[in-house]
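What follows is a single structure, written as structure tokens, with notes after it.
Order of the sequence lines fixes the chain letters, A, B, ..., with proteins taken first and strands second; residue numbering starts at 1 for each chain. Since the structure is predicted, the reported quantities are computational estimates derived from the model, not experimental observations.
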Amino acid sequence: MTRTLAREVAKKIGETVTVRGWLHKKRLLGGLNFITIRDRSGLVQTLVDNKDELEKLRGLQIGTVLSLRGTVVADERAMGGAELHDVKVEVEVPVTEEPPIEIDKPISHKSEHLDTLFEHRVLNIRNLQEQKIFKIRADLTRYIRAFLNDNEFIEIDTPKLLAEPTEGGAEVFKLDYFGKTATLAQSPQFYKQIMVGAFERVYEIGHSYRAEPSATTRHLTELTMLDIEMGFVADHDEVLDMVADMTQYTLRRVYDEHADDLRTLNAPELKLAEDNKVPRFTIAEIHDMYTKATKTDTTQEKDLIPDEERWISDYARKQLGTDLVYAVRFPIEAGKFYHKLDVEDGTVLWGDLLFRGLEISTVPLRENNYEKMVQQMKDAGLDIEHEGFKYYLQAFKYGLPQHGGCGFGIDRLVQKTIGLANVKEATLFPRDINRLTP
RNA sequence: GGGCUCGUAGUGAAGUGGUUAUCACGCCUCCCUGUCACGGAGGAGAUCACCGGUUCAAAUCCGGCCGAGCCCGCCA
């Protein structure tokens with residue numbers, strides 16, 4: 001028997017159809033009883049007025065898997081303008097245990113309830129409002145892939161199991177690997193640069209692992225990163241423009257195609273500049289502006305403090321009409337060995353893309369000259385003979401063009417697009433310093 | 001890693017020393033032919049996170065411990 005989806009029911013007035021899905025809501029009025037079914041397409045209401053059919057549902061809880069066969073009748077009073085009548089009930093999978101949360105009601109996202117949210121994730125992800133977040137997430141990455149594929153980027157996959165921590169920076173997880181010590185990749189940095197030597201333009205959407213003991217609203221230990229690397233770029237500006245274009249394309253499209261869902265999720269109105277430009281301020285400029293505006297002196301900081309990120313984003317939205325802003329030219333002491341340095345200026349050719357007060361991407365130009373790389377690694381106190389650098393340096397030794405790219409936090413993009421308070425809310429099964437389940 | 005805050009039925013909350021710990025939703029029974037946060041009557045469900053202390057008396061005060069949240073540092 002062919003299955004009809006909830007969203008197709010209204011198109012089949014007068015036909016006898018079978019809908020299959022989960023029991024979503026029972027409204028029992030005595031002789032007249034409304035049973036709402038949920039499937040992947042949404043909800044459909046059925047009218048059960050036969051006592052024997054209704055009795056099949058006695059003692060069965062929300063979540064029971066049902067197959068309902070009935071005649072589609074147009075009725076203004078039903079959701080979607082149609083409902084099933086003369087329904088025959090078949091219980092496919094009975095559920096007799098009462099669920100620990102109410103699936104048909106919006107799930108609380110207050111910070112003090114996040115523990116409950118994730119403890120009951122298996123069930124609350126059945127809530128239609130909750131599902132919107134992850135449908136939007138799926139499409140955000142779909143649009144990103146569309147943009148990058150159209151611009152001749154090749155999607156790659158790189159290993160997450162690595163031999164040694166070599167990149168520096170974030171703390172890495174260590175694990176036993178048949179008697180050796182392996183680490184989980186904190187980013188695909190080395191591999192994506194290596195791949196520039198083959199494909200010029202590459203990207204990866206995958207997991208990265210950070211063992212930082214950070215307990216904040218913007219940190220995960222397992223995060224989803226979009227990593228992009230682009231060869232033969234003329235300068236840093238070309239990389240900044242490409243990431244800005246991609247981000248704006250993605251945001252405009254998601255606000256267009258998911259307008260209703262974003263509204264019901266209380267997402268902020270999207271503001272982007274008419275000319276598609278993302279304003280840029282140097283770190284030094286932001287320190288000066290912030291210090292003048294708030295009387296808090298940050299001019300000695302090497303990076304932006306979180307409040308400065310919020311402040312400059314607020315400034316960009318109110319004064320320049322855009323939710324996106326670049327903080328560029330970090331002080332040279334903040335750079336890593338693979339960054340392109342502007343020694344005269346004392347800065348690194350590195351920009352952070354801020355979206356609604358949060359850093360969502362780092363966008364640097366890389367040093368591509370083999371001799372300079374080796375020197376910068378030595379200056380950083382690294383052992384260039386180390387196994388972990390051997391293969392990486394081969395790519396440079398045998399010819400890498402000037403290149404740059406970005407590490408882009410997908411979880412944070414989803415969070416800020418929707419206006420969620422905590423990055424974990426944008427993640428199905430978040431991993432943080434004290435959560436490994438579910 | 002540092003600081004601050006919070007743990008009360010399945011879920012969310014009220015209760016700041018005094019009889020049997022209160023309410024809403026959910027659940028169970030019954031009534032109800034147009035519900036969509038259905039309505040009405042009744043019912044079950046809580047060792048007040050845990051351990052110890054103060055007190056005639058502790059959910060409430062004190063100490064410890066476990067768990068959680070937020071901010072900072074660091075990062076995407």
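The nucleotide whose nearest atom lies closest to any side-chain atom of A:Leu47 is, among B:A76, B:G1, B:G34, B:G34. Side-chain proximity of A:Asp303 to the nucleotides B:C38, B:C75, B:C36 is greatest for B:C75. Comparing atom distances between the A:His219 side chain and each of B:G34, B:A76, B:C70 picks out B:A76 as nearest. Comparing B:G1, B:C74, B:C75 by their closest approach to the side chain of A:Glu212 singles out B:C74. Side-chain proximity of A:Glu83 to B:A76, B:G34, B:G69: nearest is B:G34.
Using a 4.0 Å heavy-atom criterion, one finds that A:His85 contacts the bases of the nucleic acid, with or without backbone contacts as well.
In terms of heavy atoms, A:Glu53 sits closest to A:Lys56 at OE1-NZ, 2.9 Å. Closest approach of A:Glu229 to A:Phe153, counting heavy atoms only: O-CE2, 3.9 Å.
Crowding of A:Lys277 atom NZ: a count of heavy atoms from other residues, nucleotides or ligands under 6.0 Å not exceeding 12. Heavy atoms of other residues, nucleotides or ligands lying less than 6.0 angstrom from NZ of A:Lys88 number 12 at most.
Put simply, the side chain of A:Arg218 and the base of B:C71 share no donor and acceptor less than 3.5 Å apart. For A:Glu112 and B:U5, a side-chain-to-base donor-acceptor distance below 3.5 Å is absent, hydrogens and geometry of angles not being considered. One can find a donor-acceptor pair under 3.5 Å joining the base of B:G34 and the side-chain atoms of A:Asp75. Side chain A:Glu102 to base B:G12: no donor-acceptor pair is found below 3.5 Å. Between the side chain of A:Ser111 and the base of B:C70, no donor-acceptor pair of N or O atoms lies under 3.5 Å.
For A:Gln61 and B:C28, the shortest distance from a side-chain N or O to OP1 or OP2 is below 4.0 Å. At least one side-chain nitrogen or oxygen of A:Thr217 sits closer than 4.0 Å to the OP1 or OP2 atom of B:C71. Checking the phosphate oxygens (OP1, OP2) of B:A68, a side-chain nitrogen or oxygen of A:Asn434 falls inside 4.0 Å. In terms of phosphate contacts, A:Arg58 brings no side-chain nitrogen or oxygen within less than 4.0 Å of OP1 or OP2 of B:C27. The phosphate of B:A13 has OP1 or OP2 within less than 4.0 Å of a side-chain N or O from A:His113. Of the side-chain N and O atoms in A:Lys302, none sit less than 4.0 angstrom from OP1 or OP2 of B:C74. In this model, the phosphate group of B:G12 is approached by a side-chain N or O of A:Thr116 to a distance below 4.0 Å at OP1 or OP2. For the pair A:Arg27 and B:C36, the criterion of a side-chain N or O lying under 4.0 Å from OP1 or OP2 is not met.
On the P atoms, B:C23 is 37 Å away from B:C65, given to the nearest whole Å. Nucleotides B:U47 and B:A59, compared at atom C1', are 12 Å apart to the nearest Å. Using atom C1' as the reference point in both B:G10 and B:C27, the two lie 9 Å apart (nearest Å). Annotation: B:U19 and B:C36 have their P atoms spaced 40 Å apart (nearest Å).
Between the side chains of A:Asn149 and A:Tyr203, at least one donor N or O sits under 3.5 Å from an acceptor N or O.
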